[in-house]
Amino acid sequence: MKKYTYLLLLALVMPFVLASCLSDEETETDDYCYISGFTLGSMKRTLFTISTDGVDSAYTTTFAGSLFPMTIDQRALTIENKDSLPLRTVVNKVLTTISFEGGLIWRKTNPTDEDTLWTTYSSSDSLDFTEPLDFACIATDGNSYRTYTVTLNVHKQKADSTIWNNLGETDALEGMEARRAVCVDGQIRVLGEDGSGSLACAQHPTGTGGDWVTLQTSGTFGADVTTLQQQGSSFYLSTAGGEVLKSSDAVDWTSAGVPAEEGLQLVAASPSRLYALLGGKLMSSDGGPWQEESLDDESQYLPSRQVYSFSYQLPDGQNRLMLVGARDNEEDLTCMVWAKTWDETSEEPGSTWMFYVPNGTDKRRCPVMENLNVVAYDDGFLAFGGASRDGRYTAMDSVLYSRDHGITWKPYDDYDMDVDPLIQETAQNAQCICSTVDDDQFLWLFVDNEVWRGRINRLGFLRQDPN
């Protein structure tokens, strides 16, 4: 540090030293000078609302800054919040509580001619953190000091909004009448029936760069792409003849070795078993003969088309398997939802499936839609697609969200996942809509041959360990 700066620091810290000496003749000076704690006080945030007459207005709310820990790096002499403050947090008047040894003064890290002077720190003074600040901690011996650079990180995007990117149209999807999409080893793969009897496959990297390529599948003759299931790193399909196929890459398929049954239709997969509809019953197999599952209601309420399944573990350690889909009954306005749970004390095949009985007056059930899509997303499930049979929604008019395992479904607009108007426009006359979620929580949406990619902003925020 330059000499004149050092002298200035010494002059500023001397009052602390003198006060200490005058108050107690036995006090000895030392070379201790460090910041051991840094906590933000009550923070203000500007939000916006729309009045009943459509006029935007701003209002201010507060939150505890202590919820966002400040990380002190004693080697690099930096202090910052690893978890960024919410969008539009006010940081030009911030109260702080700082624990330190010695005396403490501060100034802007990159001072202008008017900001070269240091100011003694006081917890009752608000500080302007729109730019980084330097805090110099000076020992009572007047010779030792450390200078920390303090930065407040604030999100630049609204956490609960969605940015959609239109990746254009691709000829690789041309001619696919039915589709399912998966993410495999950093690649998006869309499987579809192209009229040849076998499945076509289009591939694109999970990033926005790169080109679509067409891959030649093998062993997929007669395969029903709507029965596609994933179990760990393996994929399964059933064929029109009731055979079960297996693949590690969703491109090359061979027999899974599971007994073939005429009319068998795969509908789900848990970590250890496959599930299928057969003769109006729900069956399961661990590779051996198919066994009938126990249901708590009539099997006629089992979904039979546009079926999606999800296998996951609950916070209490129980395993859960859920089915969502439509029946062939044209009078149904809501999807059929079934689930079963089991833990280490019970056997999976012995657990009973529960049917979530729909209520005709309940508007929070998942409606039957054309081109129904259901994906696991944001600690819950999303449902979307074409127009709903009950007339409540047009194509891609709203994305429905369930956080209670498929019992209730609410518009995801409540969480600001707005669908791009161009997607809605294209979807009105779309013949096919399919989707998948990649490892970075981007939702890939395929509307006929048009490709979109979007993500809730906060799912892309890097949340770091403050320690």
Side-chain angles (χ1 to χ4, degrees), residues 178 180-185 189 191 193 197-199 201 217-296 299 302-314 317-325 336-355 374 376 436:
R180 286 289 171 97
V182 294
C183 178
V184 186
D185 298 330
R189 289 180 180 155
L191 294 170
E193 299 172 3
S198 297
L199 299 183
C201 180
T217 67
S218 64
T220 60
F221 187 79
D224 180 356
V225 72
T226 65
T227 66
L228 180 65
Q229 308 295 330
Q230 184 169 2
Q231 183 186 77
S233 59
S234 298
F235 298 92
Y236 293 86
L237 283 168
S238 59
T239 69
E243 183 182 5
V244 179
L245 306 178
K246 181 179 180 179
S247 174
S248 61
D249 58 9
V251 177
D252 297 313
W253 297 80
T254 58
S255 173
V258 180
E261 297 281 354
E262 186 68 32
L264 181 141
Q265 174 191 350
L266 280 184
V267 291
S270 71
S272 60
R273 303 184 72 83
L274 296 176
Y275 291 80
L277 294 174
L278 181 62
K281 301 177 181 179
L282 184 59
M283 314 291 286
S284 72
S285 169
D286 60 359
W290 292 94
Q291 304 175 22
E292 183 175 355
E293 289 286 296
S294 174
L295 310 178
D296 74 346
S299 61
L302 288 169
S304 55
R305 62 184 185 84
Q306 298 187 123
V307 183
Y308 291 86
S309 66
F310 303 93
S311 177
Y312 53 101
Q313 194 170 63
L314 300 173
Q318 288 195 97
N319 299 291
R320 192 177 190 91
L321 185 59
M322 183 177 78
L323 290 179
V324 181
M336 303 293 109
V337 181
W338 291 74
K340 66 182 295 188
T341 59
W342 69 94
D343 56 26
E344 65 277 359
T345 65
S346 60
E347 294 185 2
E348 180 179 345
S351 301
T352 300
W353 285 86
M354 301 171 292
F355 175 48
V374 185
T436 190

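Owing to the predicted nature of the structure, the values given are computational and were not obtained by experimental measurement. Side chains included, hydrogens not; waters and symmetry mates left out as well; all remaining heavy atoms used.
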Problem set entry | Heavy-atom side-chain contact between L264 and V258 under 4.5 Å | no
Problem set entry | Taking every non-hydrogen atom, the tightest pair across L321 and S311 | CD1-CB, 3.7 Å
Seminar exercise, completed: dist D224:CG -> E243:CD (nearest 0.5 Å) comes out at 13.5 Å
Exercise. Under 3.5 Å, is there a donor-acceptor pair between the side chain of S299 and the main chain of G280?
Worked result: yes
Seminar exercise, completed: Distance col, row Q318:CD vs T341:OG1, nearest 0.5 angstrom, shows 4.5 Å
Problem set entry | Within 6.0 Å of CZ in F221, more than 12 heavy atoms from elsewhere | no
Exercise. Taking the side chain from D296 and the backbone from F355, do they hold a donor-acceptor pair closer than 3.5 Å?
Worked result: yes
For this session: Begin with the C-alpha distance, continue with both residues' side-chain angles, and end with the deciding distance and a verdict on side-chain contact (heavy atoms from CB on, under 4.5 Å) for T226 and R305.
Result: CA-CA 8 Å; T226 65; R305 62 184 185 84; over 6 Å; no
For this session: Quick one: closest heavy-atom pair of L228 and R180, and the distance?
Result: CD2-CB, 3.8 Å
Exercise. With side chains defined as the heavy atoms from C-beta onward, is the minimum distance between W353 and L302 less than 4.5 Å?
Worked result: no
For this session: Please name the residue in the list E292, Q291, R273 that meets the side-chain hydrogen bond (donor to acceptor under 3.5 Å, both in side chains) test with S284.
Result: R273
Problem set entry | For A269 against Q231, the heavy-atom pair lying closest together | CB-CB, 4.1 Å
Exercise. Roughly how far, to the nearest 0.5 Å, is OH of Y312 from OG of S270?
Worked result: 13.5 Å
Exercise. Which pair of non-hydrogen atoms, one from S346 and one from S351, has the smallest distance, and what is that distance?
Worked result: OG-OG, 4.2 Å
Exercise. What about Y275 and W338, are their ring centers closer than 6.0 Å?
Worked result: no
Exercise. If you round to the nearest 0.5 Å, how far is CD of E261 from CG of L277?
Worked result: 13.5 Å
Problem set entry | Spacing of CZ belonging to F235 relative to CG belonging to D249, to within rounding of 0.5 Å | 8.5 Å
Exercise. Between the main-chain N or O of T217 and the side-chain N or O of W253, is there a donor-acceptor pair closer than 3.5 Å?
Worked result: no
Exercise. Given the rule in the side-chain hydrogen bond (donor to acceptor under 3.5 Å, both in side chains) test, do S218 and D252 qualify, once you have shown the distances and angles that lead to the verdict?
Worked result: CA-CA 5 Å; S218 64; D252 297 313; 2.9 Å; yes
For this session: Please round to the nearest 0.5 Å and tell me the distance separating atom OH of Y236 and atom OG1 of T227.
Result: 13.0 Å
Exercise. What residue among M354, M322, E348, R320 forms side chain to side chain contact (heavy atoms under 4.5 Å, CB included) with K340?
Worked result: E348
Exercise. Closest heavy-atom contact between L266 and Q229?
Worked result: O-NE2, 3.9 Å
For this session: Over all heavy atoms of both residues, which pair between L191 and A250 is shortest? Give the atoms and the distance, please.
Result: CD2-O, 3.3 Å
Problem set entry | T220 side chain near V225 side chain, heavy-atom distance below 4.5 Å | no
